[in-house]
Amino acid sequence: MKTHFDQEIDQTIDSMTPFQLLSYYADTALLKGALKENDYASLPSYLMFMAEGEGFLIPVENISSVIREKPVIKPLPFSPSWFQGLSSVRNEIVSVVSFSQLHKGKSNSKQKDMHYILLNGVMNGFLLEVDKLIGIRSLDVEKILSSSAIIDGYALVEGLRWQRINLDVLLATKLHKEMEF
């Protein structure tokens with residue numbers, strides 16, 4: 001039989017958002033000693049985004065910034081359909097690439113509010129167009145062999161499979177190979 005205190009906790013839990021509920025269980029585990037404070041610190045962080053109804057992850061160290069407003073894009077003639085054109089971001093000329101078209105060959109032209117991820121590192125100078133930004137999370141990503149070489153791992157979050165993008169492979173196989181004229 002539940003006490004009055006247990007019933008109040010159950011009502012509180014029922015009114016929590018998924019993030020609040022996760023935080024509650026993490027705090028409870030910390031108090032019980034089942035989880036150590038630094039367990040999260042060792043996990044890498046990823047930017048989560050959606051494209052064509054699928055979830056994708058990019059390591060945050062490969063991201064310079066996120067742009068929510070559509071930049072002015074100048075298309076180039078005779079370029080692949082996934083290459084949107086060139087744009088100026090912070091006085092730098094960058095290549096704008098549609099992730100949906102590059103990865104799946106599908107157009108997301110019906111979507112009005114696209115988001116843009118300015119990449120750095122090996123992908124410096126690229127602005128990746130995506131359908132929707134979800135947020136940043138520290139995740140334990142399982143490595144996999146995939147039929148798509150640019151996907152090298154996945155994580156299950158809230159019942160959805162999030163696919164990690166290998167930007168080195170994306171650059172080497174997709175962009176360089178298809179940009180040869």
Side-chain angles (χ1 to χ4, degrees), residues 18-19 22-23 26 29-30 35-73 80 82-104 106 108 111 113-179:
F19 179 75
L22 179 63
S23 296
L30 282 171
L35 187 65
K36 296 181 178 45
E37 189 70 45
N38 62 359
D39 283 351
Y40 296 116
S42 63
L43 294 177
S45 295
Y46 297 93
L47 176 68
M48 303 169 75
F49 71 89
M50 300 294 292
E52 293 296 325
E54 294 184 68
F56 295 94
L57 306 168
I58 294 179
V60 293
E61 63 266 10
N62 295 119
I63 299 169
S64 178
S65 65
V66 170
I67 301 168
R68 293 187 180 265
E69 298 165 3
K70 184 174 182 168
V72 175
I73 301 171
W82 51 263
F83 186 77
Q84 302 295 308
L86 299 174
S87 184
S88 176
V89 177
R90 295 189 202 113
N91 296 324
E92 300 262 342
I93 303 298
V94 295
S95 301
V96 182
V97 174
S98 167
F99 181 76
S100 294
Q101 287 187 356
L102 180 65
H103 181 56
K104 294 282 190 180
K106 295 181 180 177
N108 46 14
Q111 180 137 352
D113 299 324
M114 303 303 287
H115 295 103
Y116 299 85
I117 303 168
L118 184 60
L119 301 172
N120 64 19
V122 296
M123 296 286 291
N124 192 31
F126 285 93
L127 193 60
L128 201 60
E129 179 187 68
V130 300
D131 295 352
K132 183 178 180 182
L133 297 172
I134 304 300
I136 296 175
R137 292 229 182 134
S138 294
L139 298 170
D140 186 20
V141 175
E142 299 288 327
K143 291 185 178 186
I144 60 167
L145 292 176
S146 170
S147 59
S148 171
I150 67 168
I151 304 300
D152 69 353
Y154 74 94
L156 293 175
V157 179
E158 298 172 5
L160 184 62
R161 183 179 171 144
W162 294 84
Q163 303 168 80
R164 180 176 60 195
I165 300 169
N166 183 330
L167 292 174
D168 294 332
V169 173
L170 177 65
L171 179 66
T173 60
K174 292 279 191 173
L175 298 178
H176 278 236
K177 185 172 150 185
E178 293 188 29
M179 287 300 284

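Bear in mind that the values here come from a model prediction, so they are computed numbers and not experimental data. Counting begins at 1 with the first residue of the sequence. Basis for what follows: all heavy atoms, side chains included, without hydrogens, waters or symmetry-related copies.
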Side-chain touch Ser64/Arg90, heavy atoms, less than 4.5 angstrom
yes
Rounded to the nearest 0.5 Å, how far apart are CZ of Phe99 and CG of Asp131?
10.0 Å
Does Glu61 have more than 12 heavy atoms from other residues, nucleotides or ligands lying within 6.0 Å of its CD?
yes
Distance-minimising heavy-atom pair for Tyr116 and Pro71
CE1-CD, 3.6 Å
Give me the atom names and distance for the closest heavy-atom approach of Leu160 to Trp162.
O-CD1, 3.1 Å
Ile73 side chain reached by Leu127 side chain, heavy atoms, under 4.5 Å
no
N/O donor-acceptor pair under 3.5 Å between Glu129 side chain and Ser98 backbone:
no
Are side-chain heavy atoms of Asn62 and Ile165 found at a separation under 4.5 Å?
no
If you compare all heavy atoms of Leu86 against all heavy atoms of Val96, which two are closest, and at what distance to 0.1 Å?
C-CG2, 4.5 Å
Quick check for you: to the nearest 0.5 Å, what is the distance between Leu167 atom CG and Leu119 atom CG?
6.0 Å
Spatial distance of atom CZ (Arg137) from atom CD (Glu158) [nearest 0.5 Å]:
4.5 Å
Nearest heavy-atom pair of Glu69 and Ile67: which atoms, and what distance?
O-CG2, 3.1 Å
Interatomic distance, CE@Met50 vs CZ@Phe56, rounded to 0.5 Å, equals 8.5 Å
Give a yes or no answer on whether the side chain of Ser87 reaches the backbone of Val72 with a donor-acceptor pair at less than 3.5 Å.
yes
Atom of Val141, atom of Ala155 and distance for their closest heavy-atom approach:
CG2-CB, 4.1 Å
Considering non-hydrogen atoms only, spot the tightest contact between Glu52 and Ser100 and give its length.
CG-OG, 3.5 Å
